[in-house]
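All residue numbers in this chain count up from 1 along the given sequence.
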Amino acid sequence: MLMTSGPFPGKPLSLAQACARLRFRHLQFLDILGQTRNLRLTAEQMHITQPAATKILMDIEEILESRLFERLSRGMRPNELGLFTLRYAAASLAGHRKFVEEFNALKQGGHGHLTIGAITGSAAHVLIASVAEIQRLRPLLVLKVLEQSSDQLIDWLAERKIDLMIGRFTDDAQRTQFQYERLSSEPLQVVAGVHHPLRGAREQGMAELSHWPWILYPPSTALRKVSDDIFGRNGLALASGVVETPSFLFALEMMQATDMLSLQPAALVERYIHKGLLARIPVELPDRMPDYGLITRLGEPPTPAAQAFIDVLRAVAALPTEAAP
């Protein structure tokens with residue numbers, strides 16, 4: 001339950017009140033204070049005095065009629081209302097920055113900016129083919145591509161740091177905030193370095209593989225949840241060393257230098273197997289990752305640049321895997 005504290009009454013905040021009095025400078029102040037949690041440091045970054053910073057915070061709390069921060073001897077700690085307001089300030093500033101960047105690009109005859117977030121894995125070939133096609137169609141479009149796990153991408157999408165993402169939900173509650181459109185499925189493969197003793201061996205069972213050291217994705221990722229479920233369903237626990245990393249390139253280097261195994265998206269490792277950099281370990285894997293798809297903010301029409309990319313993405317995802325460049 002959201003609570004106010006101090007002398008402020010608990011009446012609802014009106015839209016007119018917030019929009020008329022909450023200024024861009026207030027949002028800048030909140031964003032910096034949210035990062036520093038210190039009024040002196042915030043004042044220094046804004047090139048104002050500390051008394052002036054204190055006055056700005058008091059003005060914001062008066063406008064919102066709510067106490068947002070607890071004043072501590074060594075800094076500031078946002079309460080629940082404060083955390084909510086800090087998220088709004090960060091998202092609003094990101095939207096302002098996006099507007100200015102796109103406005104300037106369009107003013108100069110370009111096609112705007114587009115920031116895409118994408119998971120590593122099978123989505124890679126869909127993303128690469130889509131980026132190549134949108135660059136052909138809109139050569140002046142400025143594209144930024146960020147690669148991360150779905151849990152981080154969802155946060156960036158909510159904060160407007162990216163315009164859309166290729167990934168999957170990590171929590172059912174996200175379906176009330178974002179729109180999901182399926183693109184493809186993602187089969188899995190156990191792989192190891194080409195020197196691994198199990199290369200070319202008969203098909204293994206998960207019980208046999210549990211005695212080897214493993215490279216796993218972090219617990220918050222969908223791939224880790226699948227691997228934990230595979231071992232847990234069989235009543236198995238990993239008996240040797242475990243290294244956790246979200247980086248496939250680090251996992252690749254580790255597999256080439258050690259006898260560690262890793263569960264990876266098949267489309268991601270296929271090229272490395274074909275080039276002789278990794279070996280497929282024969283094991284029956286009835287499970288596959290949950291489908292991945294296009295995720296956008298619910299109820300928000302895409303920009304023309306985003307819509308053009310979405311159209312290309314849908315067309316590429318509909319092609320057979322071998323047909324995508």
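Between Lys225 and Asp228 no salt bridge is recorded (no basic side-chain N to carboxylate O distance below 4.0 Å). Using a cutoff of 4.0 Å between basic side-chain nitrogens and carboxylate oxygens, Arg37 and Glu70 are not scored as salt-bridged.
In this structure a side-chain-to-backbone donor-acceptor pair under 3.5 Å is present from Asp163 to Thr115. Looking at His195, its side chain does come within 3.5 Å of a backbone N or O of Thr258 through a donor-acceptor pair.
Taken to the nearest 0.5 Å, the CG atom of Leu33 stands 13.0 Å off from the NE2 atom of His26. Summarising the geometry, atom CG belonging to Leu57 is positioned 7.0 Å from atom CG belonging to Leu68; distances are rounded to the nearest 0.5 Å. A distance of 13.5 Å separates CZ in Arg40 from OG1 in Thr49, rounded to the nearest 0.5 Å. Taking CG of Leu81 as the reference point, atom CG of Leu64 lies at 9.0 Å (rounded to 0.5 Å). In this structure, OG in Ser247 is found 9.5 Å from CD in Glu253, a value given to the nearest 0.5 Å. With values rounded to the nearest 0.5 angstrom, Asn79 atom CG is found 9.5 Å from Arg67 atom CZ.
One side chain, Asp151 or Ser149, offers a donor N or O that lies under 3.5 Å from an acceptor on the other. Under 3.5 Å, the side chains of Gln264 and Tyr217 contain a donor-acceptor pair of N or O atoms. With hydrogens and angles left out, the side-chain atoms of Thr303 and Gln307 include no donor and acceptor closer than 3.5 Å.
Under a hydrophobic-cluster definition in which Ile, Leu, Val, Met, Phe, Trp and Tyr are linked whenever side-chain heavy atoms come within less than 4.5 Å, directly or via other members, Val243 and Val226 are assigned to the same cluster. Leu127 and Leu137 fall within the same hydrophobic cluster, where Ile, Leu, Val, Met, Phe, Trp and Tyr residues are linked whenever their side-chain heavy atoms come under 4.5 Å apart, directly or through other members.
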Side-chain donor-acceptor contacts of residues 265-272 below 3.5 Å, not counting sequence neighbours, with atom names and distances?
unit_1 : atom_1 : unit_2 : atom_2 : d
Glu270 : OE1    : Arg280 : NH2    : 3.2
Glu270 : OE2    : Arg280 : NH2    : 3.1

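In this pair, His96 and Phe24 present their aromatic rings perpendicular. The plane angle is above 60°, beyond the 30 to 60° band.
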(request) With side chain to side chain contact (heavy atoms under 4.5 Å, CB included) as the test, would you mind laying out the steps for Lys144 and Leu114 before giving the verdict? (result) CA-CA 6 Å; Lys144 181 186 293 184; Leu114 184 63; over 6 Å; no
(message) Pair Phe169, Ser150 - check side chain to side chain contact (heavy atoms under 4.5 Å, CB included), show working.
(response) CA-CA 7 Å; Phe169 288 135; Ser150 289; over 6 Å; no
(request) Report the C-alpha separation of Ile116 and Met165 in whole Å, then their side-chain angles, then the decisive distance to 0.1 Å, and conclude whether the side chain to side chain contact (heavy atoms under 4.5 Å, CB included) test is met. (result) CA-CA 6 Å; Ile116 303 162; Met165 65 173 276; over 6 Å; no
(request) Using the side chain to side chain contact (heavy atoms under 4.5 Å, CB included) rule, take Met46 and Arg25 through it: C-alpha gap first, then chi angles, then the decisive distance, then the call. (result) CA-CA 10 Å; Met46 294 195 70; Arg25 189 166 177 79; 3.9 Å; yes
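Enclosure of atom OH in Tyr88 is not indicated, since only 12 or fewer non-hydrogen atoms of other residues, nucleotides or ligands lie within 6.0 angstrom. More than 12 heavy atoms of other residues, nucleotides or ligands sit less than 6.0 Å from atom CZ of Arg71.
Two residues are said to be in side-chain contact when any heavy atoms from C-beta on lie closer than 4.5 Å; Gln179 and Glu300 fail this criterion. When side chains are defined from C-beta on, Ser262 counts as touching Met255, because their heavy atoms get closer than 4.5 Å. Side-chain atoms of Thr245 and Ile215, non-hydrogen and from C-beta on, do get closer than 4.5 Å to each other. At a threshold of 4.5 Å between non-hydrogen side-chain atoms, the residues Leu30 and Phe69 count as touching. At least one side-chain heavy atom of Ile310 sits less than 4.5 Å from a side-chain heavy atom of Leu164. Leu143 places a side-chain heavy atom less than 4.5 Å from the side chain of Ile134. Contact check for Leu198 versus Leu209: side-chain heavy atoms found under the 4.5 Å cut-off. For the pair Leu294 and Tyr180, the minimum side-chain heavy-atom distance is 4.5 Å or more.
Contact between Gly193 and Ala279 at its shortest, heavy atoms only, is O-CB, 3.8 Å. Considering every non-hydrogen atom in both Pro219 and Glu244, the closest pair reads CD-OE1, 3.6 Å. Shown here for Leu141 and Ala305, the closest heavy-atom pair between the two residues is CD1-CB, 3.8 Å. In terms of heavy atoms, Ser227 sits closest to Leu216 at OG-CD2, 4.2 Å. Shortest non-hydrogen contact noted between Arg224 and Pro218 is CB-O, 3.0 Å. For the residue pair Arg297 and Ile162, the shortest heavy atom distance occurs at NH1-O, 3.1 Å.
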